[in-house]
Each structure stands twice: as structure tokens, then as C-alpha cells.
Amino acid sequence: MKHTPTIRAELDRYLEQKGLSLTQFGQLAGMNRGIVSAIVTGNKSMSVNQLDLITEAMGLPEGHFYDLFVENYIIEHPPNMRRIEPFLFRCAELDKLDAIRRVVGAIMDNLLYSPKLFEIAEELLSQERHEAALVLYEGVAEAEKYQHSERLAVCQYRIFTIQIGDDQSQNLKAATLFEPFVERLDEIDQLDALKDLANVYRSLRKWDKVDEIAKLMRAKAEIQYNLKHEHKSRECESTNKLTRPLFVYISYADLLCAGVCEAKGDYQQALQYTYAYADLEWVREMDEDTLYWINLFKGWAQANAVANKLLSGDINALYDYVEYIGAPSDTSEQDKVAQLLNIMMTANRYQIDVSDILQRFETIVGSFVQQPSTDMYTKQVIPEQYARLSYELAYYHLYRGTYDDGFKYLMYSMVSYHTLNNETYFIKCMVLFERYRAYAVSETKAAYLEFIERVWIADVKKNGAIDCRS
């Protein structure tokens, strides 16, 4: 029969090997002799803080005995949250995710521990220890999967936001799994959840889903806005939890619907939605944050109204649009990227020479750098727009014979879409390269082949395919 080793036995063996007395070791560890004696004899359990002191005194790496701690003091004893809570936080600090999983697995047969684990997960999330928090949220969600509780829905929301990353196929899976839980959230929390879902589907170009979710968000936000002004007491009670002023969810829904219509080529309907989110006379609040968002929507509407005319074929709107972009304003570089994307899509669709425009905005055109963000729009929509802009720039330059620039942007777009795991546009990039391969210099061809080889090898490793190369 296999016996599980114990921390006590390891410590006792160490003392014997080093010839140390309990008093001497206690001095090394910063602990009194009585506590060391009680731990060695098994008359006293130990805290994670004491374990860390013992581990350091033995000259071992931090967390060396954590797996044994789980065995000796958690699995083999009735759960004690006074011991477990600090241990979980310490595991999170040291990125000991497997130890956290074992603790969760050991105690989650009893639903009484769900509230405390959820509370710890929320604290870890606030500390930006996302991976550790994710393990706890998944444990609570699994334990409560038949409970239909609001806590279960919040766990699923947290899991969704943590899992969203560069891989668009994984993002689609995360969004699909989370969507059924939205209705179980608090009515106010539903608004941010729907906003985040819409932005993920927008980055995936799932326009029917964006349209569906945007309209649902608008309807729910209108109800909450009316309730807020009918019952003033609701304002502090609930709407302060939102990440934006309440009216934003109504207007942002119109902006999303405008984007859906634009993507489907219905520019007239897109204009109607644009006029809707530009008209904000109905907004009753006048605080600083509200005025900030009102100005944002008005600026977006002004730019997007011209963009819709441009994309619909009104070429006369092109230079009005350019002048708008070039005028001094508070417009972010991210917004300018979206505006340049509209110009390049129009240029390629209607074969317009925009070389002078590209020269005017060469600083933005040459800068594809995104800053880390926790906002779902910035994390998801912006990277896709950078990748799409570089594709449109590549198409434009290759078509016009400026091959060095064309292949430079094409390689950037191809790498970006591979990172995003967007198979459709990755294949489009490959097709575009093959169409103009004859014009690529040897260094570009070598870089392309080396990249494709890396992609292929990574796919072989990921999917377990057989490598049949000779």
C-alpha cells in the first residue's frame, strides 16, 4: 500500500540530516521551539505562513510543499476556510494553479463553500490574478450548474470575460457558452454583458448576432432608463454598477445596428441608425461623464454619416471625409484607424487613387500598435480593424504595383489573422500573396514560406497530425 509522504516527515528527516535541534531550526525559521515541536509531532496543524517559513529555512523554493499541504491538511481534514483562504491567495501569488484545482476539487462536494470561493475569486479578479480566479469561478460554476442561481450566471460572465483573447475561434466558443446565462444576471448587469457579447460578435463579423444582441440591449436599457427617472431611488441602488452612463447602452445599440447595416451594404438604413444615435436631446442627465459620452456619439455620427455616403459610392464625399479626419480633434488613433479603413475599402472597391491621402496620414498608416486593455471593444474590435486595414492596404499597393509596401502590409495582416485564428481572412491573405508571388523579392518569398512552415508545424503539434515529410 502506497503511503502519502507528509511535511512532518520531510521536516523530521531534514533536522536529522542537518543535525539541528528544534530550537536551532526554530531560530532559522523565525518560529519558537514549541510550534516546531508541535508540527513535527503532529500535535498541531500548520498555516501556509508557517509552511513558507519552514520551506525557506530548509533552503527550498517557494511553494515546494504546497501539493503535500493539500494532501496533509486539506484533503485529509474537514475543510477549514481559515486555513484554505490564505492558502488559495498564496497559491495565486505563486501561480500554483494545479494546487488551487485540487483544493476546489476536494471541498466543492459541499455547496456551502460556494459563496466563500466565489468571494475569493472576486478578490483575485480585482487583483488581476485572472488565471487563478478562473479556476475558482469554474469550480463554483460546476458545483452550482443545476442551481439556476444568479451567482452561477455571474461566474459564467467572469469566465467569459477572462477567456476572451486573441484566438477568435475560442472567443466564439466562449461567447456561445455564455450567452444562455445572460438572462439570469441582474437586470442591470445584463447591459454590460450584452455590450461585451455584441463587441465579441462584432469582432467575429457575426452580424446577425450583433443585430440580435444590440436590439435586445436597447430594449432592456430603455426599460431601465425609464424606471430610473420614474423612481429616483433606483439610481444609486443599481445603475451605479454600470461601466457607462445608462443612456450609452441605448445609443450604442443604435451604433451597433448601423455597423450591421453598413456591413450588409444597406447604407441608407445605416444612416437612419446613425442619425438616431446623433440625436441625444432626450438624455436628461447633464453630468460631466454624460456630456463626455454625448460628445463622443456626436463625433462618431458625424464621421460615420460621411463614411456611409462614401461606402455607398458617393465619391464626392471622400475629401470631405479626409478633411474631417485631418481636422484637429480629440479623436483617438483607434478611431482614425477605423476611418482610414473606410477610405481604403472605398478605394479598393471603386479603384480610386488615394496615394496623397495615405501620405497625409502616413504616421497612422505606419503604426499598428495596440495597447493592452480590459475593455472588450478595445481587446476585440480594434485588433481586427488593424488586421483588416493592413489587408486593404496590401490589396491597394499590390494592385497598383507598389510591391514592397504591398507585401509588407500583407505579411502583417497574415500574421495578425493567424494570431486571431481567423481562417477566412488568413486564406484571403494567402490567395493574395499567391496572386502576386511573381513580384515578391526572394527575401519576402523566404519569409512567407518560413511563416507558413511554422503555421503548419504548429497545426501538426496541436492536432496530432502525422508528419509525413521525408
Side-chain angles (χ1 to χ4, degrees), residues 115 118-119 122 125-126 147-158 160-161 175 178-202 208-261 269-302 304-305 374-377:
F118 176 77
E119 180 184 313
E122 293 282 86
L125 186 67
S126 72
Q147 302 302 309
H148 301 282
S149 66
E150 184 179 330
R151 182 166 54 240
L152 170 62
V154 174
C155 283
Q156 294 292 351
Y157 186 19
R158 301 289 191 261
F160 163 70
T161 54
F178 168 58
E179 193 174 339
F181 291 93
V182 172
E183 292 288 340
R184 299 192 202 176
L185 290 168
D186 174 87
E187 292 173 338
I188 291 295
D189 290 336
Q190 288 180 27
L191 298 180
D192 273 319
L194 290 168
K195 169 182 63 66
D196 290 343
L197 267 176
N199 280 328
V200 171
Y201 283 127
R202 183 181 178 186
D208 288 342
K209 293 299 295 183
V210 175
D211 188 60
E212 173 191 339
I213 291 171
K215 288 175 178 175
L216 180 60
M217 179 173 71
R218 192 187 205 287
K220 288 177 177 290
E222 282 185 325
I223 291 171
Q224 294 303 319
Y225 195 81
N226 290 333
L227 286 172
K228 173 183 174 180
H229 289 283
E230 289 172 8
H231 307 284
K232 296 289 186 180
S233 61
R234 289 180 56 90
E235 182 171 356
C236 295
E237 176 187 334
S238 56
T239 58
N240 286 342
K241 295 193 297 180
L242 292 170
T243 61
R244 286 144 176 69
L246 184 51
F247 89 91
V248 169
Y249 299 86
I250 300 171
S251 297
Y252 191 62
D254 288 331
L255 186 149
L256 288 169
C257 289
V260 171
C261 294
Q269 186 59 51
L271 274 174
Q272 295 307 308
Y273 278 115
T274 301
Y275 296 147
Y277 68 76
D279 180 11
L280 298 172
E281 295 298 321
W282 53 271
V283 177
R284 303 187 194 184
E285 297 80 8
M286 284 293 126
D287 58 275
E288 185 178 345
D289 198 23
T290 296
L291 294 176
Y292 167 79
W293 280 99
I294 286 175
N295 287 331
L296 278 183
F297 278 112
K298 287 184 176 179
W300 290 333
Q302 184 179 353
N304 290 336
T374 57
D375 175 71
M376 200 64 73
Y377 174 83

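Every value quoted in this text rests on a predicted model; they were computed, and no experiment measured them.
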Test E179 against K209 for side chain to side chain contact (heavy atoms under 4.5 Å, CB included), laying out the working first. CA-CA 11 Å; E179 193 174 339; K209 293 299 295 183; 2.8 Å; yes
Take Q147 and L152 through the test side chain to side chain contact (heavy atoms under 4.5 Å, CB included) and record every step on the way to the result. CA-CA 8 Å; Q147 302 302 309; L152 170 62; 5.6 Å; no
Search all heavy atoms of [X] against all heavy atoms of [Y] and return the closest pair with its distance.
{"X": "L280", "Y": "F297", "result": "CD1-CB, 3.8 Å"}
{"X": "V210", "Y": "A198", "result": "CG2-O, 3.9 Å"}
{"X": "A221", "Y": "L191", "result": "N-CD2, 3.7 Å"}
{"X": "R218", "Y": "A253", "result": "CB-CB, 3.5 Å"}
{"X": "A153", "Y": "F181", "result": "CB-O, 3.7 Å"}

Is N304 reaching over with its side chain to a backbone N or O of W300, donor-acceptor style, under 3.5 angstrom?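 Checked: pair present.
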Backbone of E222 reached by a side-chain donor or acceptor of N226 within 3.5 Å: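 Side chain of N226 to backbone of E222, a donor-acceptor pair under 3.5 Å: yes, one is there.
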Is there a donor in the side chain of [X] and an acceptor in the side chain of [Y], or the other way round, less than 3.5 Å apart?
{"X": "E285", "Y": "H229", "result": "yes"}
{"X": "T243", "Y": "D192", "result": "yes"}
{"X": "Y201", "Y": "D208", "result": "no"}

Where do I294 and K298 land on the side chain to side chain contact (heavy atoms under 4.5 Å, CB included) test, with the steps shown first? CA-CA 6 Å; I294 286 175; K298 287 184 176 179; 3.8 Å; yes
Between atom [atom1] of [X] and atom [atom2] of [Y], what is the distance when rounded to the nearest 0.5 Å?
{"X": "Y249", "Y": "I188", "atom1": "OH", "atom2": "CD1", "result": "9.0 Å"}
{"X": "R244", "Y": "Y292", "atom1": "CZ", "atom2": "OH", "result": "9.0 Å"}
{"X": "L256", "Y": "I213", "atom1": "CG", "atom2": "CD1", "result": "9.5 Å"}
{"X": "D289", "Y": "W293", "atom1": "CG", "atom2": "CH2", "result": "8.0 Å"}
{"X": "L197", "Y": "E212", "atom1": "CG", "atom2": "CD", "result": "10.0 Å"}
{"X": "S251", "Y": "L246", "atom1": "OG", "atom2": "CG", "result": "10.5 Å"}

I would like to know whether K195 and Y252 meet side chain to side chain contact (heavy atoms under 4.5 Å, CB included); could you show each step before the answer? CA-CA 8 Å; K195 169 182 63 66; Y252 191 62; 4.2 Å; yes
Less than 4.5 Å apart, any side-chain heavy atom of [X] and any of [Y]?
{"X": "Y273", "Y": "L255", "value": "no"}
{"X": "E150", "Y": "R184", "value": "no"}
{"X": "Q190", "Y": "M217", "value": "no"}
{"X": "L291", "Y": "E288", "value": "no"}

Might you work through the side-chain hydrogen bond (donor to acceptor under 3.5 Å, both in side chains) test for D287 and T290, ending with a clear yes or no? CA-CA 5 Å; D287 58 275; T290 296; 2.7 Å; yes
Ion pair check, K241 and D186, cut-off under 4.0 Å: yes
Indicate yes or no: does E183 engage K220 in a salt bridge with an N to O separation below 4.0 Å. yes
Would you please indicate yes or no on a ring centroid separation below 6.0 angstrom for F178 and Y157?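 Between F178 and Y157, which both carry aromatic rings, the centre distance is below 6.0 Å.
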Kindly say whether the aromatic ring centers of W282 and Y225 come within a distance under 6.0 Å.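 Yes - the distance between ring centres of W282 and Y225 falls below the 6.0 Å cut-off.
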